[in-house]
Structures are given as structure tokens and as C-alpha cells.
> 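First the structure, which I've put down as C-alpha cells, then a few questions once you've had a look.
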Amino acid sequence: MSELKNISAALKEKLQAAGITKYACSISEGEKQELNTEQSKFSLFRTIFSKDASVTAFIDNRKGTASGNDLSDEGLQKLVDDAKAGAESSMPDDANDIAEYQQPEEFHNGPYEADMERFYDRLVEALDTVKRDYPRILLMQLIASHNKRHGLYMNSNGTAFEWWDGNYDTMMEFAGNDGEKTTGLGYGSVIMGDLEKPILDQGPLRMKLADAEKSLDTVSIGDKFEGTVIFTPDALGDFTYTLEENFISAGVVLAGTSQWLDKVGQQVASDKFTLRLQAQDDRLVIANPFTSDGYKAENVTLIEKGVLNCHLLNLYAAKKTGRPLVKNTGYGFVVEPGDTPVADMIKNVKRGLIVGGFSGGEPGANGEFSGVAKNSFYVENGEIKGAVMETMINGNLQDVFRNVTAVSKELVSDGRMAFPYLATEGVTISGN
Amino acid sequence: MLQDIITPQKSRFADGVQTVMRGHENRSRGVMLLNGSLVHNARSESRGISARVTKNGRYGFSSAAGYTEADAENVLRAATENALFLDARAKEAGRSYPPLAGDLVTPWRPIVDFEQKRLIDACKTVDAYVAEKYPNLSSRRIVYREDSQDKIIVTSDAASGHVTYPRCYIYVFLTAESKSGAPVELFKAFGGAGSFEDNFGDLSSLYPEIDKLYSQLMDKAEGVYAEAGVKTVILGGMMGGMLAHEAVGHTVEADLVLGGSVAGPNLHKRVASDLVTLIDYANTAFGETVPLPVYLDDEGTLAKDMPLIENGILTGYMNNRETAQHFGMAPAGNARAWDFSDEPLIRMRNTAIQPGKDTLEDMIASIDDGYYLIDSSNGQADLTGEFMFGVSLGYEIKHGKLGHALLDTTVSGIAFEMLKTVDMVSSNITWSSSGFCGKKQPMPVGMAGPEMRCKITIGGR
């Protein structure tokens, strides 16, 4: 029996001894090996050994959770005691529950053991490539890690999931810099399941480095106009996440503040827009195999050709509101690609922006947004004229997704999520 | 509180390297009531040991989720191996940084634990007050959050000590319907450094501020859109604090200066009007303890105040030991780590723009057509000093008097340009400390500002 299985057995005994008959627990252990560079030189090598445990106790429909990283006998006892005290202090709520019995299952995803020598070589190659291919990039920091984690989930309905997860993760922080001018900060990251290909050739990294270099050449927009906006995959990711938070998530349904409370089955976006949450998808490296409620996760389509299929409700939210449960963790966003090449999308813009990032106030529940377009380029008569500074965009999230005119055939996956480019109309663009 | 098993490890520190070992425990407590239902009820503790070993300026770091002598030995060995791995592959010669004063620092701030029931009951009491007094709200959320850090820091060539950072907050979120039927929201955070009893012994002391928050929300429900463009505004103290932290503070973190921030070419140059002085305080300001006092950082540097802008001139950066050596400056205790498994990074502590001599009343009376921007929902800034803040609460100023409240909007600009337009500064400042700064790791930070009259670009519709 593995050490984790021994620990879970000890935990189960302590829960029973405490008289807790309804519970859910998770235990995991992991190791991260992380290399950092500063100004393109290796500066830090970090090795982290971690352990975690979490216990949720249910007593008469009251719920308490305790978590920690002390997996000794005393540490486990404290978790059980704290979870029990938390539940006893809590308020009864019929919606507090765990998933019914699920078939026990093991989940394996990604390279569990690291090849740090090869990873180091791939990172040296990436640093050399940046220097050679992107001479006007100042690579401030690169953080690259191999992450492995092994865990167990069990609950009092007899469900037991065991999982092993491994991946290589690389994040770059950079700016365009020609010695005199500097651009705003740029970030790019990619999660990899293997080291077969050069790191820079994956995900959005090359595109983002090239855009940062181009951002040194700026143009000024003097006026305010309503135009076309093409969101890059990164920016679309941000807007899609905000859309989900503001209109679809459990939080806004429970609070009653979603403006899509009664829109299931109705057209809420353009028929060019399809949004999925993937528990497992070949286009992603990360897998999200089971939910914190104790369900094996399923792939879910939130919006199909513009029609809202469901809200993203966990077990508590579903029982509380009487709406359908969704067995998904809420990660693994994929917006389905369209059939228009990005180059054609740009050619079709009379006047507008390619928006690579957005720095704005969090939109209110009504979806109104206003903020600065970051890493963005001005387009006129189908030609990119240059990068913009101090340019604001504002509009309404719902309108952004209703007014879609094209979705690119190119899909960019960073290993966690995958998004295409998306063109939309009706966003107000204000120059400085 | 952590027992000191770290100090005896000093005898194992190797020669020819620079070593910092840290025993570290983080604790959090959380409760959330949403419209009276308890939707979050959790306690968490994480404890471990880390070691950072530096060989010729190259860092090896390791941590383990355990707190035994064996864990300490293991992380020391792994950190040393990691430093040697990098040093062996380096193509250029590195250098060590100079030793520092070797004091022992032990400020006494107890971390006091309370039963979860007490925390839930406090939230229920506040929730009942809001629900009963303001039944017309469309939604209400009462959140309790407590986090604390307990660290024992032992170094080979700098100061050592045992430091604690307890803090706790109650957040009140209120949502109402605007006249157009769309929801509008405001929130306020109560609390600060210290434990539950220090901050919430008398919950009724919160009620006048909750009443004020409700009143402001009703104003906002009747609010209007701001007119877009460059406007004369008064930034409230919370907005001033956000500006100090986001738009200026990050650009003068030495690691970001090395990354090309706008502060690099502007050292010793004018970056603001002479009414603007900015200091990153360590533990005491204006004769009082700051919201989140720091006495010793995680590299063993004794914490001191770090002046950044003096009368409009950029005078310094925030450093760790390595960047301080690079820039020829003295480190002031800005290298901090969030969790036991985190390495220290250059972080702000309590960053504040100094008060001036004006009154808010005079400042409002001086504006014919502008805005008073009181509170911010979020903020972001860039290496270039280009910033954006969400404005969650503000009012029109018309002919020297406050007018309609504003719906959510944003302000933006370039910090070192906008700060040159500051021409009135109030004599009081407002501190806030309830959030986290994000930079690879989260970190509690304090920030403060006075009211400032300036010109700024405001978004609109």
C-alpha cells in the first residue's frame, strides 16, 4: 500500500472515531523543480517538496472544512477536530452535500518524472532563440518548472479517485526594448506534456514576443470612434473568463445578480461563438478529471452556437437554486475555432484595433467594461498601422459576444486553455 | 507559535556560501455568508522549512512541508546542490554580496486563535444588522478572512529573528438595483493587523461605516456615467494609495528597474510636482505603527523606511541584497516571501504619499467641473508607468460642490506625467491594507495617500 493510501486509511479511522459519518477528504504530495532566469541568466534553482490534506465534515447538513500540510498522526487528528468543530459551528443547509457513489478510478496525466537535464537544455535553447530571433526583446524573467503531484480523493459514499499528474511549465516576462524606448510588460506561458519540440515553438510564445517587439513602433489615435476589435487568443481568454464569471458562474446565480438567470436555451451570443469547458481534450495538456463535489468530470458546452446551454453550477449551487448540476471543475476553457484566417480578419477591418490585453476595471454585473487596451495595434483599411499607447476601449460584454463577425481558424492552446482570434463590432475606442 | 528548531541548524551552514534558513507557518481562516447562507467555512494551516544557499550570486532554494530536524537537513542539502548545479553551468564569474549587521530581531506580536464559531457568529451578527436595516438590497455578502505568518529566520551573514504578521478583516459587500435595473455594488473592508479580538471586539463600531456605505450605494444606484476625457479630479486617499503602490511603487522595485522600467532613466530626476513625497515605510509612520509593520525581511535585512520620491524627485529604489549591490544602494528590508516554499522577492511594505496642507473642502470648492474619485475596485500598472484603476465610488463636482454619484468607471494615465499635475494635497491620509499584491507570490501590503487634486484621463461610456 502506498504511503498516501496508509494516510487515507488513518484519516478514515479518525473520522469514524470522531463520529463523522459524512465526509470528503483529499490528500496529495508533490515535487516542483523550478529554474529561474533574470535578464536571461540562470539565477535560481528551486526544489519544493509539498504535502497537503483537506477534510470536509458534514454534521446534520452543517459543513466545515480544514486543510493543512501536516500529515503526521497529530496533524491528521487536528484536521478532523477542526473540520468537526467547523461543521458544529456552522448553520444547517439542505444544499450541503457530496456526490453519490462513483466508480473508483485512477487518472494519469503527463510526464510524472522530470528530465531536468533535457529541460535545462531546452531552456538554454529558448534563451538563445529569443536573443537571435527577437533582438529588441528584453527577457526580464523566465520561470520554468517540472511539477508532479500524486493524490487521493475519497468520500463517505465510497468514492475513491487516485491521480498522478506531471507537466513542464514555462512562463516568460518580457518587454520590447530598443535601448531608448520600452514597451509595457508582456507575459507568455505554455504548459507542455513533453520536451519533443523547442519551447518557443509552442503555444503563444513566438506570437507574443513578436508583438512586444512591434509594440516599440507606436502610432497615435487622436479621436474616439466605434470600430472593429479583434481580440487575440490571450485577450479573448480574459474576456471569456469574465463573461463566465459575470453571467454563468455559481456565484452570480446564487446571488441572483446574473442577467442570464432565465436565458438557458436562448440565444445570448453570436451563432459563431461556442464555449466549452473540457475535463479532457487533446488540445490541452492539463486534465481536470474530477470535481471537488466528488463527481468524475464531464466535458460541458456552456454556449453552443450562441445558445446558453446551462449555468456552471456545483452541487451546492444546483441544490440551492433547483437548477441542473454541472459535473465540471470550471477550468479547461476552449472556444471553438471558426473558418476565417487571421490575415483575412485583419484585411476586413475598416478601422479598429487588434487587442492583445486589457487593463480595466472589473465589469459590473451588467457587463459594462472600460479600460486600457494593452499590447494592441491600430488597423485601418485592412493594414496594421502600429502599436497604440494610452488608448481606451469600452463597451458591454454581452454586446462583444453578440456582435461577433468572425472567429479565426487558428486556435492557440497554452496547454491550459485554447482560444482563437475573435472579431467583434461596436466597441468604443478612444485615443489619447 | 513556531518552536525554534532553526537556530541550531546554523552549525550545519557550509563555508563559502551565503545561507538563509526559514521556519515558516501560514494560517488562514475564512467565512462567507451570501444572503444569509454560509457558503464558505474553512480553516487552513501550512508549515515548513526552506533554505536558500547562494554560491557566487546564484541561488539554490529548497523547501519541505515538514518541521523536523530531518526536514531542515534535507532542504539545506537540496538547496546547496541546486546552487552548485547553477554555478557549475554559469559562463560568467559571479559575486557574493556584502555581509550585513547581525542583530537578533524579535518583535512580539502574538497570533491568537479563535474558534470558528466565534468567527461565524461575528459574520451572522453583521449580516443580521444589514438584513434587518436594509431589506431593499438585492444581495449582500459578509466575508471574514484572516491570514497570519510566523517566521523564524536564521542567516549566515546578516540579522536573524522571529517575526509574526497577524491580520484579519471583515468585508461587507452590498448590491442594489440601479434606476436602469442593472445591479450596482460597493464594498468596504474593516480590520487590519492583529487578531480577531484586536479588531472586532465591538462589532457595533462597524455599523456607522456600514450605514455610510449603504448611503453611498443608494447614491450610486442613482448615479450617472462620467464624461470621458482629461478632467480635473480629486483622488481620494484610497485612490492615492493605489497610485502609490501600483503606478509608482512597482516601477521602483529594483528587479523591475533592471527589467527596463521607466524609473531606470529617471533616477534623481523630477517625476512629480514638488508637493509629492513617497516613502515605503517599514514599521512606523507619523509616530504610529503602520498597518502591516515589517521589522526583518527574509534575507535577514533589518527593515528601514525607503524614501522613493522626495519633493517630486525620484531618489531611490526598493532592493534586495543583490540589487542593492548592483545599484550601490543600501537594502532596506524589502525581500519578502509569502509561503514557506517561496523564495524572497522584492516587495513593497507600507507605501504612502505624504500629506500636504490643504483641506478637502477647499479642494472641492476650487473645482468648477470635475470629479471626486473616492474608492477603487482594482488597479494595474505597467513598466512604463501607464496605469489603470477601476473607480467604484465617485461624485461629480459642479461649481465647487459635490453632484451626482458616478457609475463604475476607470481612470488611466502615465504616472510620472500625471503626478506632475498634482497642485493640491490634503493634510490627512487614508491607509488600506486588506488586499494582496500579486508578483509571482501573493503578499499583504499597506498603502496610503492623501486627497490630491490633479488632471487625469477618465473613462466614460
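Protein chains get the first letters and strands the later ones, always in sequence-line order, with residue 1 at the start of each.
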> In terms of side-chain heavy atoms, does A/Y316 have a donor or acceptor partner in A/D93 at a distance below 3.5 Å?
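Indeed, the side chains of A/Y316 and A/D93 share at least one donor-acceptor pair under 3.5 Å.
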> To check you understand the geometry: which heavy-atom pair defines the closest contact between A/S359 and B/Q380, and what is its length?
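So the two residues come closest at OG-OE1, 2.6 Å.
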> Sort A/E390 into side chain, backbone, both or neither according to what part of it lies under 4.5 angstrom from a heavy atom of chain B.
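Its backbone and side chain both get close to chain B.
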> Report the option among B/P183, B/S376, B/G385 that has the most heavy-atom pairs separated by less than 4.5 Å from atoms of chain A.
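Result: the option with the highest number of such pairs is B/P183.
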> Taking B/R89, B/E185, B/E115, B/R29 one by one, which has the highest count of heavy-atom pairs under 4.5 Å against chain A?
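With the most close heavy-atom pairs to chain A, the winner is B/R89.
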> Suppose a student defines contact as a heavy atom less than 4.5 Å from any heavy atom of chain A. Which residues in residues 70-84 of chain B would they list?
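If one takes a 4.5 Å heavy-atom cut-off, the residues of residues 70-84 of chain B near chain A are B/N82.
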> Hydrogens and angles aside, do B/S63 and A/R46 bring a side-chain donor and acceptor to less than 3.5 Å of each other?
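No, A/R46 and B/S63 have no side-chain donor paired with an acceptor closer than 3.5 Å.
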> Counting C-beta onward and ignoring hydrogens, is there a side-chain heavy-atom pair between A/F119 and A/Q33 closer than 4.5 Å?
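No, too far: nothing below the 4.5 Å cut-off.
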> If you count heavy-atom pairs under 4.5 Å between each of B/Q116, B/K117, B/E386 and chain A, which one has the most?
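Answer, by heavy-atom pair count under 4.5 Å with chain A: B/E386.
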> Can you list the residues that meet the side-chain hydrogen bond (donor to acceptor under 3.5 Å, both in side chains) rule with B/E253, with sequence neighbours excluded?
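With neighbours one apart ignored, the set is B/H250, B/K439.
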> Do the side chain of A/R136 and the main chain of A/E213 share a donor and acceptor less than 3.5 angstrom apart?
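Side chain of A/R136 to backbone of A/E213: a pair is present.
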> Regarding B/E322 and B/Y59, is there a side-chain donor-to-acceptor distance under 3.5 Å anywhere?
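A pair is found: one side chain offers a donor N or O, the other an acceptor, under 3.5 Å apart.
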> With a 4.5 angstrom heavy-atom cut-off, is it the side chain or the backbone of B/L33 that approaches chain A, or both, or neither?
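Contact with chain A is through the side chain of B/L33 alone.
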> I want to check something: taking the side chain as every heavy atom from C-beta on, are B/L258 and B/T323 in contact at a cut-off of under 4.5 Å?
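Yes; the side chains approach each other to less than 4.5 Å.
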> Sort by residue number and list every member of residues 53-61 of chain A having a non-hydrogen atom under 4.5 Å from chain B.
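Answer by number: none.
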> Is it the side chain or the backbone of B/Y67 that comes within 4.5 Å of chain A heavy atoms, both, or neither?
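Neither part.
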> Is chain A contacted by the side chain of B/E92, its backbone, both, or neither, given a heavy-atom distance below 4.5 Å?
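For B/E92, side-chain heavy atoms alone lie under 4.5 Å from chain A.
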> Would you say the side chains of A/K51 and A/S28 form a donor-acceptor pair under 3.5 Å?
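Side chains of A/K51 and A/S28: no pair found under 3.5 Å.
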> Sort B/L38 into side chain, backbone, both or neither according to what part of it lies under 4.5 angstrom from a heavy atom of chain A.
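For B/L38, backbone and side chain are both near chain A.
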> Could you walk me through whether A/E88 and A/R62 pass salt bridge (Lys or Arg N to Asp or Glu O under 4.0 Å), step by step?
CA-CA 7 Å; A/E88 287 172 343; A/R62 293 173 298 169; over 6 Å; no
> Counting only heavy atoms closer than 4.5 Å, note whether A/L138 contacts chain B via side chain, backbone, both or neither.
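Only the side chain of A/L138 comes within 4.5 Å of chain B.
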> Taking side chain as everything from C-beta outward and backbone as N, CA, C, O, which of these in A/N36 sits under 4.5 Å from a heavy atom of chain B? Side chain, backbone, both or neither.
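Just the side chain, heavy atoms under 4.5 Å.
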> Answer yes if the side chains of A/S72 and A/D70 hold a donor-acceptor pair under 3.5 Å, and no otherwise.
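Note: A/S72 and A/D70 side chains meet the donor-acceptor criterion.
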> Any ion pair linking B/K220 and B/D408 (charged N to carboxylate O, less than 4.0 Å)?
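Yes, B/D408 and B/K220 are salt-bridged.
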> Less than 4.0 angstrom from a charged side-chain N to a carboxylate O is my criterion; do B/R140 and B/D127 meet it?
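Salt bridge: yes.
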> Measuring heavy-atom distances to chain B, does A/A175 have an atom under 4.5 Å in its side chain, in its backbone, in both, or in neither?
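Only the side chain of A/A175 comes within 4.5 Å of chain B.
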> Quick one about A/S215 and A/T183 (side-chain donor to acceptor, distance below 3.5 Å, no hydrogens or angles considered), yes or no?
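Their side chains do not contain a donor-acceptor pair, so the 3.5 Å distance test is not met.
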> Can you tell which of B/G259, B/G60, B/S178, B/G390 has the highest number of heavy-atom pairs within less than 4.5 Å of chain A?
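Greatest number of close heavy-atom pairs with chain A: B/G259.
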> Would you find more than 12 non-hydrogen atoms of other residues, nucleotides or ligands less than 6.0 Å from A/K181 atom NZ?
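Correct, the count exceeds 12.
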> Considering only heavy atoms, which portion of A/F174 lies under 4.5 Å from any heavy atom of chain B: side chain, backbone, both, or neither?
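Nothing of A/F174, per the 4.5 Å heavy-atom cut-off to chain B.
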> Considering heavy atoms only, which positions within residues 46-56 of chain B lie below 4.5 Å of chain A?
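Within residues 46-56 of chain B, near chain A: B/S46, B/R47.
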> Taking the side chain as C-beta and beyond, is there a heavy-atom pair between A/K32 and A/E34 under 4.5 Å?
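In short, these two side chains touch, coming nearer than 4.5 Å.
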> Check whether the side chains of B/T410 and A/S370 place a donor and an acceptor atom closer than 3.5 Å, and report yes or no.
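There is such a pair between these side chains.
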> Quick one: what part of B/K440 sits under 4.5 Å from any heavy atom of chain A, side chain, backbone, both or neither?
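Only the side chain of B/K440 comes within 4.5 Å of chain A.
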> Flag the pair B/V391 / B/M239 as yes when at least one side-chain heavy-atom distance between them is below 4.5 Å, and no otherwise.
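Contact flag for B/V391/B/M239 side chains = yes.
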> So which part of B/T175 gets closer than 4.5 Å to some heavy atom of chain A, the side chain, the backbone, both or neither?
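Contact with chain A: side chain only.
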